[in-house]
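Below: the structure, in structure tokens.
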There are 2 protein chains.
Amino acid sequence: MERLSIVYHAAMSMSRAHEGTESRGGAAFLLAQLGAHGAQLFAQRIAELDLTPAQAGLLRLLGRSPGRSQRELADQLGMPASRFVPFADKLEERGLIERRRNTSDRRLYALHLTDKGLELLAELRKAGAAHEQEMCQGLTPEEHRQLIDLLGRMARQQQLAPGVHPGYRSIRR
Amino acid sequence: MERLSIVYHAAMSMSRAHEGTESRGGAAFLLAQLGAHGAQLFAQRIAELDLTPAQAGLLRLLGRSPGRSQRELADQLGMPASRFVPFADKLEERGLIERRRNTSDRRLYALHLTDKGLELLAELRKAGAAHEQEMCQGLTPEEHRQLIDLLGRMARQQQLAPGVHPGYRSIRR
DNA sequence: CCATAATGATTACAAAATGGAACGATTGTC
DNA sequence: GACAATCGTTCCATTTTGTAATCATTATGG
């Protein structure tokens, strides 16, 4: 009975519009809806690799640009530096990342992926590809390209850094 | 210096691809990125109306189908019933919603918008329209329609209920 | 070159958010 | 009429969250 209410609600919404033309809201709402839905699916998928979305984000970040400082990485992942420490600790204990002292500035740690971390990153990429497939299975290859083009232009216009997920942190007031 | 690291990172990413063709990830990543970004912008926008995204969701829900029970609404908003109570309390104290006893089944409350709540919902719709404009300002009207069509079909294919935001609740394990 | 400010990593801690369990009131079922 | 189920509610333990303080190191600038 729990999820039934949603189905009921969906039926209500559809009943007052022609099939195939029902209003699903504007692009912004669809973006938020599909983004959140996709994030859920992806989180479930990588849970099989024993990874959270934030952990996956760090691995991907380190895969592209190794040797970053904890502060930089914490900023990009949208978490305070204080929380990054135990966060990185866990991955270090699992032997996925490595803290190396920066010789020129001994305040910083340079984070690197271990071989084991690289292997897991490869698994992660596979999961990402499968996820892309799952999300876009309703589109033709041409439509898929079109969508990526439109979204990419929106992302650029919004000045979003490529590959950097803003996170779903709440707005403090 | 805080946000500079992101700019730096963006520059790094773009430097290894032709301008205008830089990889911003697949559609799924762009969806999550733009969805989260848009959610942030929208949250900031409605903060001026003293509303959180969840509160806005409840008002919109009640605007479309008044008289729902708390349990139903809690389910759709993705929160346990126990948290819905103080959540609804706040909106009731502000005079935006009303709890009416259901005469046929006195276990349920039927939630309704007050006149004040209806007024705020109108403001909310304006904010939503402005938000849509802000997010899609880089697209032509034709592209805008195209995008809504593609996203709408994806949402349907993923069996997402129209107008129901899955929320950003984390996955428990 | 030394005093002082600034920065990175870390720890400590308080505030807030979260979901489950239990409870009373009411309704459906047999 | 006994019993299970449901709704709204309260209570509470756990987790999550961000800020402030701390220590080591590096930059600044007179």
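Order of the sequence lines sets the chain letters (A, B, ...), proteins ahead of strands, with each chain counted from 1.
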### Query
Toward the 5' end of DNA chain D, which comes first, A:A81 or B:R99, by nearest nucleotide?
B:R99

### Message
Working note: B:L59 + B:I97, criterion side-chain contact (heavy atoms from CB on, under 4.5 Å); need CA distance, chi angles, decisive distance, verdict.
### Response
CA-CA 8 Å; B:L59 294 188; B:I97 67 173; 4.1 Å; yes

### Task
Establish, with yes or no, whether the OP1 or OP2 oxygen of D:dT26 is under 4.0 angstrom from a side-chain nitrogen or oxygen of A:R107.
no

### Message
Parallel, tilted or perpendicular: which one describes the rings of B:F42 and B:H131, with boundaries at 30° and 60°?
### Response
tilted

### Query
What integer distance in Å separates B:L108:CG from D:dT9:P?
11 Å

### Message
Side chain of B:D105 only, heavy atoms from C-beta on: which candidate in C:dT27, C:dT11, C:dG19 is closest?
### Response
C:dT27

### Query
Quick one: B:F87 CZ to C:dT18 C1', roughly how many Å, whole number?
14 Å

### Quiz item: cation-pi between A:R101 and A:Y109, 6.0 Å / 45°
yes

### Message
Nearest whole Å is fine: how far is D:dT6 C1' from B:R106 CZ?
### Response
15 Å

### Query
What nucleic acid atoms does A:S82 come within less than 4.0 Å of, heavy atoms only: base, sugar-phosphate, or nothing?
base

### Query
Name the one of A:E132, A:Q133, A:Q137 that satisfies side-chain hydrogen bond (donor to acceptor under 3.5 Å, both in side chains) with A:H144?
A:E132

### Message
Heavy atoms only, 4.0 Å cut-off, all strands: where does B:F84 land among base, sugar-phosphate and nothing?
### Response
nothing

### Query
Distance from B:L113 atom CG to B:L58 atom CG, nearest 0.5 Å?
7.5 Å

### Task
Starting from P on C:dA14, measure out to CZ on A:R83 and report it in whole angstrom.
18 Å

### Query
Closest to the A:Q70 side chain: C:dA9, D:dG18, D:dT9?
C:dA9

#### Entry: A:R71 CZ - C:dT10 P separation (whole Å)
12 Å

### Distance in angstrom units between B:K90 NZ and C:dA16 C1', rounded
10 Å

### Task
Have a look at A:R101 and say if it touches a base, only the backbone sugar-phosphate, or nothing, with a 4.0 Å heavy-atom cut-off.
nothing

### Task
Return the value, rounded to whole Å, for the distance between atom CZ of A:R68 and atom P of C:dG8.
13 Å

### Message
Tell me the interatomic distance from B:N102, atom CG, to C:dT27, atom C1', rounded to whole angstroms.
### Response
12 Å

